[in-house]
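When a residue number appears, it is its place in the shown sequence, counting from 1. This structure is a prediction, so every number in the text was calculated from the model and none was measured. First listed ligand is number 1; within each ligand, the first listed atom is number 1.
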Amino acid sequence: VKSPAVPVAIVGAGPYGLSIAAHLRAHGIEHRIFGTPMRSWLQHMPSTMFLKSVGFATNISDPAHTATLGTFCALDRREYADDVWPIPIRTFTDYAMWFQREHAPDVQPTDVTHVGLRDRQFELELASGERLTARRVVLAVGYQHFTHVPDALARLPSELVSHASAHRDFTNFAGRHVTVLGAGQSALESAALLHEAGADVRVLVRARTVRWHPQPNEPDRTLRARLRSPASGLGTDWLCYAWSNGPGLFHHLPPGARTAIVTRALGPAGAWWLKPRVIGQFPVATQTALLSAGRRGNRLELTVCGPDGHQHELMTDHLLAGTGYRVDLNRLEFLDARIATRIRQASGQPVLTPQFESTVPGLYAVGPVAAATFGPVMRFVYGADFATHRVVRHVARGLATSSRAAAAGSG
Ligand SMILES: Cc1cc2nc3c(=O)[nH]c(=O)nc-3n(C[C@H](O)[C@H](O)[C@H](O)COP(=O)(O)OP(=O)(O)OC[C@H]3O[C@@H](n4cnc5c(N)ncnc54)[C@H](O)[C@@H]3O)c2cc1C
C-alpha cells in the first residue's frame with residue numbers, strides 16, 4: 001500500500017532546516033526532516049574554531065524567538081555576549097543540538113539519496129532504503145556539496161592537497177610544512193590552528209593585502225559613530241546593514257546587480273580577534289598566485305607568481321585549500337537531472353520567487369543556494385529567520401488552499 005504524501009520534506013538539518021522544521025511544527029504542519037543534525041559544523045569545521053558571527057546574529061529561528069543562543073547560554077551557565085565576544089564552535093553546536101531536541105525532535109538522521117518528481121509530487125529515496133512521496137520539498141543543504149579547489153590542484157591526492165572542510169583538527173600536521181591558500185576566515189583560522197598545532201605554516205594570498213573586519217559594536221560608541229556605521233547581523237557599516245535587514249528588497253534589484261553584489265560582497269577577510277594569531281606568527285605572502293602544483297616524491301612542488309611578477313618554485317608537505325565554496329545546483333547529485341534542468345538557474349544558482357520557491361512548483365531552496373536571490377545574508381545563520389518565515393507562510397497557505405479545493409471537490 002502506497003503511503004500518502006507527506007506535506008513537506010526538508011533535506012538537511014543545519015540551522016536553516018532546523019528553523020523551518022521548528023516553525024512547521026509550531027503551525028501543526030506535518031513534515032519530515034532528514035540529515036545528521038548539524039553535520040557541516042560537527043564534521044567539516046575545526047573543533048576549536050570560533051565563529052565569525054556575533055551572538056545576536058547566530059540564532060536559529062523558533063516562532064517565539066525565545067530559543068536563542070543567549071537563552072541557551074543562560075540556561076547552561078555559559079559565557080555569552082550579544083556582540084564583541086567570539087563564540088566557540090562548541091557553544092554553537094551544543095546550542096543547535098539543544099534547539100533540535102526542543103524544537104525539531106523528529107529529525108531522521110539519514111541522507112536523502114534521490115529526489116525525483118512524478119505527477120506533481122516529489123519522490124524521495126533515503127540512505128536507509130525508505131521511499132516516500134512529498135508535496136513540497138525544501139532544500140536546506142548548506143555548503144558541503146560545493147567545495148571549491150582550484151583546477152591546478154584538483155587531481156592531486158588527498159595526502160598532498162585537501163580542502164579546509166576536510167579537517168576537524170590539525171594535530172597530525174605537527175612538524176610538517178603546510179601551505180595554506182586563501183585569505184578568508186577559513187584559510188586564516190586554519191593557518192593559525194595549524195601553527196598552534198606545531199606545523200610550519202606559510203599562507204599564499206593572491207590579493208594585495210589581507211583584509212580584517214573591524215571589531216564590531218564597541219559598546220561605548222557615540223551616537224554619531226553608530227549613525228556613521230550602524231551595527232547589523234553581518235557587520236558594522238551601512239552596506240552590511242542593508243544586506244542584513246533587506247533581503248526582501250535585495251530580491252527586487254535587477255539580476256545583474258544582484259549577481260555583482262553577491263559575488264563581491266563580504267569578500268575574503270579575517271575576524272578582528274584572529275589578527276594577533278596570524279600577523280607576525282608565520283609568513284603570509286600577498287600578491288602571490290598559484291600557477292601549478294605537482295608531486296615531487298612525497299612532497300609537493302608549487303609554482304607561484306610573486307609580487308615581482310616572476311615565477312618561483314616552493315616546496316611543501318601539504319597544501320590546504322582555504323578556497324571556499326561555489327554554489328552550483330548541478331552538483332547536487334541526489335537531485336534528479338530532470339528536476340535540475342527544470343529549475344531556472346543563473347550561473348548554477350536557482351532563480352527563486354519572493355517565497356524561496358524555484359521554477360519547479362513546490363521545490364524551495366534556502367541558505368547559501370538562495371544568496372543569489374536574497375543576498376549575502378543567506379550565507380549566514382542570520383538569514384534563517386527571514387527565509388523561514390517566508391517559506392513557512394507560503395507552504396501553509398498553499399496547503400490550506402489545496403485542502404479547501406479537495407474538500408470542495410469531494411463535497
Ligand atoms: C568554516 C566556516 C565557518 C563559518 N562560520 C560562520 C559563522 O561564524 N556564522 C555564520 O552565520 N555562518 C558561518 N558559516 C556559514 C555557515 O555554514 C552557514 O551560515 C550555515 O551553516 C547555513 O546553514 P544551512 O542550514 O544552510 O547549512 P548547513 O549548516 O551546512 O546545513 C546543511 C545540512 O544539510 C545536510 N545535507 C546536505 N545534503 C543532504 C542530503 N542529501 N540529505 C540529508 N542531509 C543533507 C548537510 O550534511 C548539512 O548538515 C561558516 C561556514 C564555514 C565553512
### Query
Should H145 be counted as touching ligand 1, given the test is an N or O pair under 3.5 Å?
yes
#### Entry: Residue portion contacting ligand 1 (non-hydrogen atoms closer than 4.0 Å) for R39
both
### Query
For atom 12 (N) of ligand 1, which protein heavy atom lies nearest, and how many Å away is it?
F380 CD2, 3.8 Å
### Message
Could you check whether any side-chain N or O of T316 sits under 3.5 Å from a backbone N or O of L300, counting only pairs where one atom can act as donor and the other as acceptor?
### Response
no
### Task
May I ask you to identify the nearest protein heavy atom to atom 9 (N) of ligand 1, giving residue, atom name and distance to one decimal place in Å?
S53 OG, 2.7 Å
### Query
Can an N or O of P15 be found at a distance shorter than 3.5 Å from an N or O of ligand 1?
yes
### Message
Are F356 and F374, when compared by the centres of their aromatic rings, separated by less than 6.0 Å?
### Response
yes
### Message
Main chain of P354, side chain of R390: is a donor-acceptor contact present, judged purely on distance under 3.5 Å?
### Response
yes
### Task
Give a yes/no verdict on whether any heavy atom in F92 is under 4.0 Å from an atom of ligand 1.
no
### Summary
Nearest heavy atom to atom 3 (C) of ligand 1, choosing from M49, K52, M378, belongs to M49
### Message
Among all protein heavy atoms in this structure, tell me which lies nearest to atom 43 (C) of ligand 1, with the distance rounded to 0.1 Å.
### Response
D111 OD1, 3.4 Å
### Query
Which residues satisfy the ring pair (Phe, Tyr, Trp, His ring centres under 6.0 Å) test with H114, sequence neighbours excluded?
none
Counting only pairs under 3.5 Å, give me each side-chain donor-acceptor contact of residues 34-41, with atom names and distances, residues two or more places apart or in other chains.
| from | atom 1 | to | atom 2 | distance (Å) |
| --- | --- | --- | --- | --- |
| R39 | NH1 | D111 | OD1 | 3.2 |
| R39 | NH2 | D111 | OD1 | 3.0 |
| R39 | NH2 | D111 | OD2 | 3.4 |

### Query
To which protein heavy atom is atom 19 (O) of ligand 1 closest, and what is the distance rounded to 0.1 Å?
R379 O, 3.0 Å
### Message
Between T323 and H163, do the side chains contain a donor N or O and an acceptor N or O under 3.5 Å apart?
### Response
no
## Note on the structure
At under 4.0 Å between heavy atoms, what of F334 touches ligand 1? The answer is side chain
### Query
Taking heavy atoms and a distance under 4.0 Å, where does E189 meet ligand 1: side chain, backbone, both or neither?
neither
### Summary
If we number the atoms of ligand 1 from 1 as shown, the ones under 4.0 Å from a heavy atom of G142 are 26 (O), 27 (O), 28 (P), 30 (O), 32 (C)
### Message
Among A140, A365, P368, which one puts a heavy atom closest to atom 33 (C) of ligand 1?
### Response
A140
#### Entry: Centroid-centroid distance, Y143 to Y325, less than 6.0 Å
yes
## Note on the structure
Closest to atom 34 (O) of ligand 1 (heavy atoms only, candidates A57, A384, A370, G12) is G12
### Query
At the 4.0 Å heavy-atom cut-off, does V11 count as touching ligand 1?
yes
### Message
I'd like to know if E123 pairs up with R131 as an ion pair, taking the criterion as any Lys NZ or Arg NE/NH1/NH2 lying under 4.0 Å from an Asp or Glu carboxylate oxygen.
### Response
no
### Query
Where is the nearest protein heavy atom to atom 23 (O) of ligand 1: which residue, which atom, and how far?
Y16 CD1, 3.3 Å
### Summary
Out of M45, M38, H163, Q185, the nearest non-hydrogen contact to atom 1 (C) of ligand 1 is supplied by M45
### Query
What residue and atom, counting heavy atoms only, is the protein's closest point to atom 16 (C) of ligand 1, and at what distance?
W41 CZ2, 3.6 Å
### Query
How does Q144 reach ligand 1, by side chain, by backbone, by both or by neither, if only non-hydrogen atoms under 4.0 Å count?
neither
#### Entry: For atom 28 (P) of ligand 1, the protein heavy atom that lies nearest, with its residue and separation
S40 OG, 3.5 Å
### Message
Determine whether a donor-acceptor pair (N or O, by modelled atom type, separation under 3.5 Å) exists between the side chain of H394 and the backbone of H389.
### Response
no
### Task
Please find out if less than 6.0 Å separates the ring center of F173 from that of H167.
yes
### Task
Give the residue and atom name of whichever protein heavy atom lies nearest to atom 41 (N) of ligand 1, and the separation in Å to one decimal.
V112 O, 2.9 Å
### Message
Would you say the ring centers of Y80 and W85 fall short of 6.0 Å from each other?
### Response
no
